[in-house]
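Structure record follows, encoded as structure tokens.
In this chain, numbering begins with 1 at the start of the sequence shown. Computation of the quantities below employed the complete heavy-atom set of this structure, encompassing side-chain atoms and omitting hydrogens, waters and symmetry-equivalent molecules.
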Amino acid sequence: MAHAQTPAPGEDAKLAAAFKEYLDEEFRQRPLDATRAGEHRYDHLLDDVSPKARAQTKARWQKLLADLPGRFDSAKLSRASQIDLEIWLHSLRRDVWLAENTNPWAEDPRLYNDFITESTYLLFTQSTLPQPVNVRNAAQRILQIPRIVQAAKETLKNPPKVLVETAIRQNKGAIGYYESGIYEIAGETPGMSELKGAADKVLPVLKEYQTFLESDLLPRSAGEWRLGKVKFAQKLALELDAGISAEDVLKEAETEADRVEVEMAVIARQLWAKTFPERPVPADTPDGKRSMVRAVLEHYSKEHGKPENLVADAKGTVGEIKAFIARKKILTLPDPDRCQIVEMPEFQRGNAAAYLNPAPPLDDKAKSFYAVSPPPRDWQPERVQSYLREYNGRMLKILTIHEAYPGHYVQLEYSNRHPSLIRKMLASGVFAEGWAVYTEQMMLDEGFGDGDLVMRLMQLKWYLRAVCNAILDHRMHAGTMTDEEAMFLLVVRAFQSEGEAILKVIRAKQSSCQLSTYFVGRMAFQKLRRQVQTELGEDFQLGTFHESVLSHGTLPVKYLPELVRRR
């Protein structure tokens with residue numbers, strides 16, 4: 001599955017060299033992004049996040065955007081390089097638009113928390129440099145955190161309250177991280193570690209920052225979190241780059257939500273007599289069908305493990321899933337397998353049940369981490385039980401399909417082996433999330449779970465969440481959807497637990513457009529699969545299709561029909 005690195009001729013080489021020059025400057029100016037990408041020359045530094053530095057960055061992007069088209073003869077570029085140039089230009093347009101139309105540095109304190117914790121966490125979890133080097137780099141970065149905190153205090157003006165509340169929780173986690181967690185992650189003994197002196201210096205700064213967040217910033221946080229209809233439509237077009245408007249996304253999502261609800265009701269009715277033999281099937285009305293689906297889901301959601309076993313239970317799903325992929329020739333799995341399943345650190349818990357932190361594209365020796373979150377330690381027993389029901393035994397298998405095999409981990413391993421630096425660095429979130437959602441249904445369609453109707457019902461519930469994400473995203477940011485209306489959508493229509501729905505509403509307020517990527521991407525993959533399979537008929541081979549889809553990098557889905565057909 002690896003792609004040979006061959007020298008690009010003529011104009012292609014010129015484009016590759018120009019992007020490399022651009023990337024080197026970006027990394028020099030933004031050391032945290034360099035670390036995220038696997039470029040470790042700047043691991044000892046942190047970004048300059050002052051208004052002056054940010055203005056210089058915007059000016060640099062604007063100049064490049066104006067100059068770039070005239071630097072290359074598009075007719076002399078190969079088709080692959082033409083696509084790369086289009087991707088680069090679109091990325092610059094998006095970055096400039098965001099810099100001109102949003103001001104997260106003044107409105108989102110969570111941005112600063114990335115520099116406070118992620119900047120050192122990544123050194124110990126994904127850097128392949130020798131451990132003493134990572135420790136030394138982390139210690140130097142820790143000593144620069146007071147500068148980040150000072151910039152936050154000077155820049156944050158009137159953020160939305162929901163963002164400050166999250167930042168407060170994150171900073172509490174950061175304090176715990178520098179009190180003890182960093183030593184555990186780094187494998188260091190606190191009293192003997194080079195990290196100790198730096199951590200001891202930054203802890204008073206973080207505690208004072210906590211007071212600032214709670215006592216100063218929070219009381220005056222009354223900013224608007226809604227993006228507004230016009231900006232939402234503009235941003236969504238830039239984020240998706242999929243040739244579909246915001247209104248069309250909403251229309252398709254609402255139609256699809258109705259379809260999935262019908263399918264879930266049909267399956268729930270098939271399961272009813274076995275599940276509740278003493279009870280008649282609920283009335284054939286919209287409310288009756290929803291109560292039927294909810295009752296069946298709640299009954300089988302009780303089949304879950306213990307909170308302390310959640311990570312081990314997730315690990316236990318891998319063997320069965322990988323064996324099925326190989327047996328059914330779904331695609332060729334990465335070899336060697338560099339995905340590690342780990343327990344999510346305490347300071348990262350509370351927002352998502354799991355995430356895939358992929359190997360950085362520029363470090364070919366690094367591992368990927370599929371992090372699973374046990375319930376946060378401060379949750380009450382009722383909330384813990386609700387969480388475990390939401391991520392029951394069957395749901396854990398679907399979660400592993402999405403996050404790891406053949407979802408995010410496998411797709412991003414393929415992507416990291418693509419020769420184009422542009423496609424490695426400017427990855428499409430619509431492609432990544434859409435592929436992961438597509439694989440959930442595809443695996444069950446191919447027979448994973450041996451036709452277990454309960455698993456199918458769980459998968460449809462999981463998919464309905466992605467569909468409703470797009471509705472929520474649009475209605476909250478381009479409309480006037482209230483928290484109560486959002487909860488009705490998620491709990492009543494999407495069958496989510498109340499605790500899960502509350503977190504999703506908070507997430508929707510804290511981001512815009514990202515929640516739409518799952519649905520838009522999945523629909524693109526499903527449409528392409530249907531078209532190609534129809535065209536090829538009996539000659540269609542699923543594994544060949546999947547590997548063709550993944551062989552072009554994580555690029556905007558609008559290019560897939562052309563590229564997959566050519567291959």
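Counted by atom type alone, Q150 and R147 present zero donor-acceptor pairs between their side chains at under 3.5 Å. Side-chain atoms of N469 and K504 include a donor-acceptor pair closer than 3.5 Å. Side-chain contact check for H402 and Y438: no donor-acceptor pair (N or O, by modelled atom type) lies under 3.5 Å. In the model, S373 has no side-chain atom that pairs as donor or acceptor with a side-chain atom of Y355 under 3.5 Å. Inspection of the Y370 and T400 side chains reveals an N or O donor paired with an N or O acceptor under 3.5 Å.
Under the rule for a salt bridge (Lys or Arg N to Asp or Glu O under 4.0 Å), R141 has no partner lying at least two apart in sequence or in another chain.
Ion pairing between E39 and R41 holds under the 4.0 Å rule for side-chain N and carboxylate O. Ionic pairing of R110 and D114 is not present here: no N-O contact between side-chain nitrogen and carboxylate oxygen is shorter than 4.0 angstrom. Between R36 and E118 there is a salt bridge, since a side-chain N of the basic residue sits under 4.0 Å from a carboxylate O of the acidic one. Ion pairing between a basic and an acidic side chain is recognised when a charged N comes within 4.0 Å of a carboxylate O; D67 and K63 show such pairing.
Between Y409 and D337, the closest side-chain pair of non-hydrogen atoms falls below 4.5 Å. Under the 4.5 Å side-chain criterion, counting only non-hydrogen atoms from C-beta, L163 is not in contact with W225. At a threshold of 4.5 Å between non-hydrogen side-chain atoms, the residues V133 and H40 do not count as touching.
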Can you give the donor-acceptor pairs under 3.5 Å from side chains of residues 554-563 to other protein atoms, not counting sequence neighbours?
residue, atom, partner, partner atom, Å
T554, OG1, Q411, NE2, 2.7
T554, OG1, S415, OG, 2.7
K558, NZ, D241, OD1, 2.8
Y559, OH, E86, OE1, 2.5
E562, OE1, R79, NH2, 3.1
E562, OE2, R79, NE, 2.8
E562, OE2, R566, NH2, 2.8

Donor-acceptor list for residues 426-437 side chains, cut-off 3.5 Å, not counting sequence neighbours:
residue, atom, partner, partner atom, Å
S428, OG, V430, N, 3.3
S428, OG, F431, N, 3.1
E433, OE1, H408, NE2, 3.1
W435, NE1, P406, O, 2.7

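Considering all non-hydrogen atoms of both residues, T317 and A314 come closest at OG1-O, 2.6 Å. Y209 and N171 get closest at one heavy-atom pair: CD2-OD1, 3.5 Å. Here the shortest heavy-atom pairing between D73 and E11 reads N-OE2, 2.8 Å.
By the 30° and 60° cut-offs, the orientation of the rings of F72 relative to W88 is tilted.
Aromatic ring centroids of F19 and Y22 lie under 6.0 Å apart.
A cation-pi arrangement is absent between R94 and W97, since the terminal nitrogen or guanidinium carbon is not both under 6.0 Å from the aromatic centre and inside a 45° cone about the axis.
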Determine, stepwise, if the pair W61 / E26 fulfils side chain to side chain donor-acceptor pair (under 3.5 Å). CA-CA 10 Å; W61 291 341; E26 287 298 301; 3.2 Å; yes

